[in-house]
Chemist: 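Before anything else, here's the structure in question.
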2 protein chains.
Amino acid sequence: MALHAETVARRAPLNRERVLQTAVDLADAGGIEDLSMRRLAQELGVVPMALYKHVANKEELLDGMVEIVVREIDAPDPDSDWKTAVRQRILSARRALLRHPWGRRVLESRNAPTPTVLAYMDSMIGMLRSGGLSIDLTHHVMHAIGSRMFGFSQELFTENGSAAADVTLPAATLAQIAAIYPNIAEVVARASHDEASVVGSGCDDQFEFEFSLDLLLDGFERLHLQRWSSTQPS
Amino acid sequence: MALHAETVARRAPLNRERVLQTAVDLADAGGIEDLSMRRLAQELGVVPMALYKHVANKEELLDGMVEIVVREIDAPDPDSDWKTAVRQRILSARRALLRHPWGRRVLESRNAPTPTVLAYMDSMIGMLRSGGLSIDLTHHVMHAIGSRMFGFSQELFTENGSAAADVTLPAATLAQIAAIYPNIAEVVARASHDEASVVGSGCDDQFEFEFSLDLLLDGFERLHLQRWSSTQPS
DNA sequence: CTTGACAGGTGTACACCGTACACCCTACGG
DNA sequence: CCGTAGGGTGTACGGTGTACACCTGTCAAG
């Protein structure tokens, strides 16, 4: 008994939840590429194959990690109108994905939605429907928001893109770049001039996200108010 | 001499272009996960390490493949107004990515844009600018179109998602799903009812793509006409 | 004509990955 | 007391990208 208690104290007996949570922590800390079954096992003080008693394979592990992220998205506010409710929800999703930057890539790598993801989508559809949007419009709206629903805009070359660019480039070659890509240079110059406060990528990602989100939401609202239908487009 | 000619005839002497093109063909045929350095070498009738004489590493190989795809995007039509020119260009990009389905994932996995990609972006900015859009608006527009500029909407769970769903599910369990996700079921039912012609995923992807693209373009145009500026938002 | 450099293909080897399979130990219900 | 089963272990296999040393054929300069 005493020995048993000691063993337990030395290492908690490992369950699915702990495996998934540790995987999330590991990915948060070192990026998704640092997460391997071997590395995760090591972190849990266990041999790699032990994980397979709690998770079928790595795919299922990743599914479980996605579930954790999606569960962090706030529930919708029932008192708001559909537009602000959807807006707040998506911004909450964005916050969740900012906490877990690997989430975007992992979620996109899944090829079938998990129940939690389906539930989230269902709830999102429900918000639009109870806002009065037709089934038809709701359908196309869901396509249009697309992955924005999960809080990610594109941000194609964020991590090492423009961020690393203006760090590594000694501003001499920046003139060369301007010669080759004059239009990009023009926009970059203006952006960094306007928003001197922003240091990172030179762009206020939050602003950009809300800009295009609101553009879409306004578009949805306009279509809704004019009783748009896909069968007789404007 | 004769021996030399024979050797050449037996196997063309392998250059960067041939390596990249074969990689593209391989990915087109079997998906990106079938593309390994070893597999590619085998396809070229050569030992794996031979590839490294033409390509620094796999990352650079993937960069080169992206270049090929991006180069397939049509040049803009100088006679159209900015909106239809941008529209046509993006639809051309979409066609290119439909030809190379792996392109989306690979492009997203890059962490720095290649010169060809930069040139494409520069050209896109140029189209907006010569359409009269302000630098400010152009900047935010570029963020808003985001990855749609490269022809991909989200399509999160395309391949095995809804497509596999309505194939594998024997319509008995579909009722169960409806019980759990009533809103999804409602939309799916309506969509498959309306567009019975579409067999694949149950959704007309091309329509959805153009729907949200036009929603954005219309939004851009509206902001442009009302001389929108980020410093004094509406 | 010889020689030496160099571009390009080869072979071996390493470290890592996911995971199949057989094993073993410990706790617990009959 | 014993059988069973759940959970941790060890070994092994086939795959990956790629570092490094090697060889070989071609061509320019001496």
Side-chain angles (χ1 to χ4, degrees), chain A residues 1-24 26-27 29-66 102 105-106 109-111, chain B residues 1-24 26-27 30-66 102 105-106 109-112:
Chain A
M1 285 299 178
L3 178 66
H4 170 225
E6 198 180 23
T7 309
V8 166
R10 188 167 299 161
R11 189 178 68 214
L14 199 60
N15 52 34
R16 190 166 204 274
E17 204 55 34
R18 226 158 66 79
V19 169
L20 295 181
Q21 190 57 56
T22 307
V24 166
L26 220 56
I32 193 66
E33 63 277 6
D34 273 26
L35 177 71
S36 69
M37 298 301 270
R38 288 173 150 92
R39 178 87 186 73
L40 175 56
Q42 178 188 333
E43 191 75 13
L44 288 162
V46 111
V47 93
M49 286 311 293
L51 302 175
Y52 289 83
K53 288 283 154 64
H54 305 276
V55 148
N57 47 40
K58 192 172 186 183
E59 289 294 290
E60 195 184 293
L61 177 80
L62 294 173
D63 277 342
M65 295 171 67
V66 167
W102 45 270
R105 225 187 266 292
V106 172
S109 76
R110 259 52 323 266
N111 46 20
Chain B
M1 285 300 176
L3 178 65
H4 169 225
E6 199 180 22
T7 309
V8 167
R10 189 167 299 162
R11 188 178 67 214
L14 200 60
N15 53 34
R16 190 167 205 275
E17 203 55 34
R18 225 159 65 79
V19 169
L20 295 181
Q21 189 56 56
T22 308
V24 166
L26 221 54
I32 194 65
E33 64 277 4
D34 272 27
L35 177 71
S36 70
M37 298 302 268
R38 290 173 149 91
R39 178 85 185 73
L40 175 57
Q42 178 188 332
E43 191 77 11
L44 289 162
V46 110
V47 91
M49 286 310 293
L51 302 175
Y52 289 84
K53 288 283 153 65
H54 303 96
V55 146
N57 46 41
K58 191 170 186 185
E59 288 295 289
E60 195 184 293
L61 177 80
L62 294 173
D63 277 342
M65 294 171 67
V66 167
W102 45 270
R105 225 188 267 291
V106 172
S109 76
R110 257 60 313 272
N111 46 17

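Sequence lines set the chain letters: A, B, ... in the order given, protein chains first and strands last, and positions in each chain run from 1.
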Chemist: Can you pull out the residues from residues 48-56 of chain B that lie within a 4.0 Å heavy-atom distance of DNA chain C?
Modeler: B:Met49, B:Ala50, B:Lys53, B:His54
Chemist: Nearest to the side chain of B:Asn57, which nucleotide is it out of C:dT10, C:dG18, D:dT18?
Modeler: D:dT18
Chemist: A:Glu59: which residues meet the salt bridge (Lys or Arg N to Asp or Glu O under 4.0 Å) condition with it, sequence neighbours left out?
Modeler: A:Arg110
Chemist: Does B:Asn57 use its side chain to pair, donor to acceptor, with the backbone of B:Glu60 at less than 3.5 Å?
Modeler: yes
Chemist: Please list all pairs meeting side chain to side chain donor-acceptor pair (under 3.5 Å) that have one or both residues in residues 46-56 of chain B, counting only residues at least two apart or in different chains.
Modeler: none
Chemist: Where do B:Ala23 and B:Leu61 come nearest, in terms of heavy atoms and distance?
Modeler: CB-CD1, 4.0 Å
Chemist: In this structure, how many angstroms lie between the C1' atom of D:dT18 and the CD atom of B:Glu59, rounded?
Modeler: 13 Å
Chemist: Taking only residues two or more places apart in sequence, or in another chain, which ones meet A:Glu17 in a side-chain hydrogen bond (donor to acceptor under 3.5 Å, both in side chains)?
Modeler: none
Chemist: Can you tell me the distance, in whole Å, between the CG atom of A:Leu61 and the P atom of C:dC17?
Modeler: 14 Å
Chemist: In Å, rounded to the nearest 0.5 Å, how long is the span from CG of B:Leu51 to CE of B:Met49?
Modeler: 8.5 Å
Chemist: Pair up each side-chain donor or acceptor in residues 33-48 of chain A with any protein partner under 3.5 Å, not counting sequence neighbours, and list the distances.
Modeler:
unit_1: A:Ser36; atom_1: OG; unit_2: A:Arg39; atom_2: N; d: 3.0
unit_1: A:Arg39; atom_1: NH1; unit_2: A:Glu43; atom_2: OE1; d: 3.1

Chemist: Do any of residues 31-42 of chain B sit with a heavy atom less than 4.0 Å from DNA chain D, and if so which?
Modeler: B:Ser36, B:Met37, B:Arg38
Chemist: Roughly how many Å is it from CZ in B:Arg18 to P in C:dG8, rounded to a whole number?
Modeler: 13 Å
Chemist: Atom CG in A:Leu62, atom CZ in A:Arg105: separation rounded to 0.5 Å?
Modeler: 13.0 Å
